[in-house]
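Structure, as structure tokens:
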Amino acid sequence: MNMINIDKQHLTQYVSDAETKQMLEEIRDAKTTLVSGRGKGNDFLGWVNLPEEQDVSIVNSIKADVACLAPKISVFVVIGIGGSYLGARAVIEALQSEYMHAVEPRRPFVVYAGHTLSEDYYHQLLQLLDREDYAVAVISKSGTTTEPAVAFRIVKSHLESKYGKAEAANRIIAVTDARKGALHDIAVKEKYPMYVIPDNVGGRFSVLTPVGLLPIAMAGYDIDALLQGARDMRRICLENDSFDDNPAMEYAALRNILYRKGKKVEMLVNFLPNLKYVSEWWKQLYGESEGKEGKGILPHSLSFTTDLHSMGQYVQQGERLMFETFISVDKPSSKVDIPVDEQNLDGINYLVGKSLNEINHNAELGTMIAHRNGGVPVLKIQIPQIDEYVLGQLIYFFEFACGVSGYTLDVNPFDQPGVEAYKKNMFILLGKPGYEGQQLV
Ligand code: PA5
């Protein structure tokens, strides 16, 4: 059953039904290009059938590793950058309590490394690892990315001095290429358990491989339900060819119509702080897939009501260059009432009897109307609740829409040549062997 509803009621003054209908053939063509594997970057389409073709033995092996490691650790360090950590972090932080470490102490607490080169960050991480029992997943498709390589060297050294080399090897799991890369070679030499990232799945599309599944399972979440959600959304995306029945096609169409009307920035908006990393994952997915050849919608994100008090002014009255995509969640997973106060000195007794969710939804509706009336097209992606199954649907929905949207834009949505420029400059500046005498780009 489709858990994703595209609500266009705040879009009608910007995009007419006729304009949407006119887009149908183009979007169908883009979908056919994607599904038939005839488009640009077609050697990276493994994600399309991944939920259906997922090897059960890999999922079972992940569960076995979790059963073995989780009881003896309090912290699980996930080392990776970009697509090698954002998907896992998006799912874990969407599901876990904000105060997880204090509230649910039985689960391993997942911390992240390899996504920054901040010295202070690693100093603080090592202070934590000094006092916690921990294990590590080191994740890199290429196995050569500098940031996770640096982090792994630091954490591995700490792990080996804390537990000894033999026990350290029992606490490290590598996720990388099947055949090549420095990480692959280290894992083979040190006999670390290893999961493979399929050749035909790019980093930002890899959350449903062990890249995402291992950390998510280690954090205590149901990867079967996540995969089932993705499987069901895959069927919806592949089997339906109309906007009414295929939310990914409709989303791809609407964002391209808005882009062609000069709306060059898309703000992904949520009203729940635990969706922050869903937005970060989405930004990489769309930014790396579409931002090339001088084209592409700039993906940006906002968390309301928090950011209404910082960015709200700009959205309401600044340059009219953006549209907003709200992720709206019907039901919260918990309930908090507003207590009665006889004195009513704060003047909010009128809220008593309403749930916080009702108040938040009214803030959401009020914001949509204000922004729409202020010149910002507003699109709503409505989901019933946040759980593993719905997140699985949401992940596949965004991935499929991204592939269709990228082909509609006529770019290769599955490469990221621009990411190399900063790396080359960094290597020249740091004197990496082989880069001597080269010009900065
Ligand atoms: O989408 C991508 O492929 C990239 O952004 C990668 O996720 C990121 O650069 C990390 O690469 P790797 O997994 O090879 O370390």
Side-chain angles (χ1 to χ4, degrees), residues 40-48 50 77-91 112-117 136-156 172-187 192 194-216 277-292 296 298-299 301 395-396 398-403 405-406 411-427 432:
K40 297 175 189 172
N42 55 6
D43 40 352
F44 283 100
L45 292 177
W47 60 272
V48 174
L50 189 64
V77 186
V78 172
I79 298 177
I81 194 166
S84 287
Y85 96 108
L86 281 170
R89 191 164 191 175
V91 173
Y112 303 89
H115 60 308
T116 174
L117 291 168
V136 181
V138 53
I139 306 172
S140 174
K141 172 133 200 251
S142 62
T144 58
T145 309
T146 308
E147 292 91 333
V150 167
F152 185 50
R153 189 180 281 206
I154 293 169
V155 173
K156 178 174 178 272
I172 295 172
I173 302 173
V175 184
T176 190
D177 188 86
R179 289 170 294 276
K180 57 180 192 312
L183 178 58
H184 167 270
D185 298 347
I186 295 172
Y192 299 148
M194 187 163 61
Y195 290 97
V196 163
I197 308 172
D199 285 344
N200 59 358
V201 180
R204 58 188 174 276
F205 288 86
S206 68
V207 53
L208 299 174
T209 72
V211 170
L213 298 179
L214 173 65
I216 293 165
Y277 272 90
V278 170
S279 296
E280 295 303 317
W281 169 81
W282 170 89
K283 279 196 277 194
Q284 186 201 1
L285 184 65
Y286 281 81
E288 276 192 358
S289 300
E290 295 192 322
K292 52 198 70 162
L298 171 65
S301 63
I395 286 167
Y396 195 89
F398 274 132
E399 289 182 347
F400 197 86
C402 184
S405 185
V411 295
N412 175 354
F414 307 113
D415 67 359
Q416 56 285 327
V419 183
E420 296 311 308
Y422 98 91
K423 291 185 192 169
K424 184 171 180 197
N425 284 349
M426 178 175 74
F427 296 152
K432 182 172 176 173

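Counting starts at 1 for both ligands and their atoms, following the listed order. Below, each value reflects all heavy atoms present in this structure, side chains not excepted, and no hydrogens, waters or symmetry copies.
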Under a 3.5 Å threshold, yes or no: a donor from one side chain and an acceptor from the other, between S206 and K141? no
Can you tell me how far the CG atom of N200 sits from the CH2 atom of W47, to the nearest 0.5 Å? 11.5 Å
Just to verify, what does K180 make a side chain to side chain contact (heavy atoms under 4.5 Å, CB included) with, not counting sequence neighbours? D177
Amino acids in close contact with ligand 1, where any non-hydrogen atom sits under 4.0 angstrom away: I81, G82, G83, S84, S140, K141, S142, T145, G203, R204, Q284, E288, Q416
Check: L86 and W282 side chains under 4.5 Å, non-hydrogen atoms: no
Residues at least two apart in sequence or cross-chain that pass side chain to side chain contact (heavy atoms under 4.5 Å, CB included) with T176, listed by chain then number, are L183, H184, M194
Any residue meeting side chain to side chain contact (heavy atoms under 4.5 Å, CB included) with H115, in chain and number order, not counting sequence neighbours: I81, Y85, R89, Y112, Y121
